[in-house]
Amino acid sequence: MSSTYSRVFRSNPHRDALDTWKEIVELLTQRRNGSDRNELLAAGGTAASVIAEQAAKDAAIVVTCDGPRTRIYTLHDDDAIDGSDAKEDTLGYDPLKGDWKLSLPCPTDDLEWVNNSLKKQSNRITARDSAETAGSDTTKASTSGALVLDPKGFLGS
């Protein structure tokens, strides 16, 4: 199992949704120019609409690559103004190393048009239903670091 790291970005009203996406792109590209950056920026309008809908508040934007997995959440309203839960610092690895993919959480009603829009911009950026991820390992609750022991698996080895 690969490692997972998370970051939390302040969004509206601290910064608008498109500026939030641009800051996320800066994190992912490590401020380097190139095709990965261009691909992410091309999806900016669509990604910004998802961020504006607060879809990444509880369900992460998930980036997978040949290295660790990255989860990105957004803060909104009073939480964005306060900013005490924000964690926007750089990563100690290249989150776009090798064959990377990015999955945006998306409200159910918008999923079809968001995926259609993203297909025009990139084959590596997709959207998933944010409601369906509520019980999966891509939600904020699972990033708390809680250890779950499987006694049968542990004792059976």
Side-chain angles (χ1 to χ4, degrees), residues 1-12 14-32 34 36-37 39-108 110-111 114-115 117-118 121-150:
M1 181 176 164
S2 71
S3 299
T4 302
Y5 296 90
S6 66
R7 292 293 181 265
V8 181
F9 281 81
R10 295 168 70 190
S11 192
N12 196 29
H14 175 72
R15 62 172 71 98
D16 68 37
L18 185 57
D19 286 339
T20 303
W21 178 249
K22 288 176 182 176
E23 286 299 315
I24 291 169
V25 170
E26 293 297 326
L27 171 82
L28 296 175
T29 61
Q30 300 176 322
R31 303 198 180 279
R32 294 186 308 244
D36 292 340
R37 178 187 181 83
E39 189 172 346
L40 290 165
L41 288 174
T46 307
S49 70
V50 170
I51 291 169
E53 289 287 330
Q54 300 187 12
K57 180 179 177 181
D58 295 314
I61 296 169
V62 179
V63 183
T64 56
C65 67
D66 292 348
R69 178 178 294 221
T70 308
R71 292 189 180 128
I72 300 169
Y73 299 94
T74 55
L75 296 173
H76 301 270
D77 305 321
D78 290 342
D79 293 331
I81 294 170
D82 173 48
S84 61
D85 292 331
K87 186 176 181 185
E88 299 182 8
D89 53 316
T90 60
L91 297 163
Y93 60 95
D94 182 356
L96 300 179
K97 179 181 178 184
D99 186 26
W100 63 270
K101 302 240 185 275
L102 187 142
S103 172
L104 292 167
C106 181
T108 306
D110 297 338
L111 191 57
V114 168
N115 267 320
S117 177
L118 289 171
Q121 308 300 327
S122 171
N123 61 353
R124 298 196 271 191
I125 303 171
T126 59
R128 68 183 192 285
D129 189 337
S130 56
E132 290 180 10
T133 63
S136 75
D137 71 340
T138 59
T139 61
K140 190 180 277 190
S142 70
T143 63
S144 65
L147 179 65
V148 178
L149 178 63
D150 176 10

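Just so it is clear, the structure is predicted and the values come from calculations on it, not from any experiment.
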Counting only N and O atoms by type, is there a donor-acceptor contact under 3.5 Å from the side chain of Trp21 to the main-chain atoms of Thr46?
no

When rounded to the nearest 0.5 Å, the distance separating CG of Asn123 from CG of Leu118 is 11.5 Å

Show me the pairs that pass salt bridge (charged side-chain N to carboxylate O under 4.0 Å, His left out) and involve residues 39-54, at least two apart or across chains.
Glu39-Arg124

Verify, without hydrogens or angle tests, whether Asp77 (side chain) and Asp79 (backbone) share a donor-acceptor contact under 3.5 angstrom.
no

Report the distance from atom OH of Tyr93 to atom SG of Cys65, rounding to the nearest 0.5 Å.
6.5 Å

About how many Å separate CG of Asp110 and OG of Ser117, when rounded to the nearest 0.5 Å?
11.0 Å

Nearest-0.5 Å distance that lies between atom CG in Asp94 and atom CH2 in Trp100:
11.0 Å

With a 4.5 Å heavy-atom cut-off, do Arg37 and Val25 have their side chains touching?
yes

Sub-3.5 Å donor-acceptor pair from the side chain of Gln121 to the main-chain atoms of Leu41, do we have one?
no

Residue pair Ala17 / Ala48: nearest heavy atoms and the distance that separates them
CB-O, 3.2 Å

Do the side chain of Asn115 and the main chain of Ala127 share a donor and acceptor less than 3.5 angstrom apart?
yes

Check whether any side-chain heavy atom of Pro95 lies under 4.5 Å from a side-chain heavy atom of Gln30, and answer yes or no.
yes

Can you list the residues that meet the side chain to side chain contact (heavy atoms under 4.5 Å, CB included) rule with Glu88, with sequence neighbours excluded?
Phe9, Arg10, Arg15, Ala86

Between Lys87 and Arg7, which heavy-atom pair has the shortest distance, and what is it?
O-CD, 3.1 Å

Leu96 vs Arg32 side-chain heavy atoms within contact, under 4.5 Å:
no

Would you give the length of the straight line joining atom CD1 of Ile81 to atom CG of Asn12, rounded to the nearest 0.5 angstrom?
9.0 Å

Audit row: Gln54, Thr74, side chain to side chain contact (heavy atoms under 4.5 Å, CB included) steps and yes/no
CA-CA 7 Å; Gln54 300 187 12; Thr74 55; 5.8 Å; no

Using atom types as modelled and distance alone, determine if a side-chain donor or acceptor of Arg128 lies under 3.5 Å from a backbone N or O of Ser103.
yes

To the nearest 0.5 Å, what is the distance between CG on Leu111 and OG on Ser130?
8.5 Å

With a 6.0 Å cut-off (strictly less than), is the heavy-atom count around NZ of Lys101, excluding the residue itself, greater than 12?
yes

Apply side chain to side chain contact (heavy atoms under 4.5 Å, CB included) to residues His14 and Thr20 and explain how you reach the verdict.
CA-CA 9 Å; His14 175 72; Thr20 303; over 6 Å; no

Measure the shortest side-chain to side-chain distance between Arg71 and Thr4 over non-hydrogen atoms and say whether it is less than 4.5 angstrom.
yes

What pair of heavy atoms forms the shortest contact from Ala60 to Pro105, and how long is it?
O-CD, 3.4 Å

Can you tell if the side chain of Val8 reaches within under 4.5 Å of the side chain of Leu75, non-hydrogen atoms only?
yes

Which pairs pass ring-ring contact (aromatic ring centres under 6.0 Å, His included) with one or both residues in residues 40-64, sequence neighbours excluded?
none

Got Val50 and Ile61 here, is their nearest side-chain heavy-atom distance under 4.5 Å?
no

Tell me whether the count of non-hydrogen atoms from other residues, nucleotides or ligands lying under 6.0 Å of CG in Asp89 goes above 12.
yes

Non-hydrogen atoms of Tyr73 and Asp58 that approach each other most closely:
CE2-O, 3.8 Å

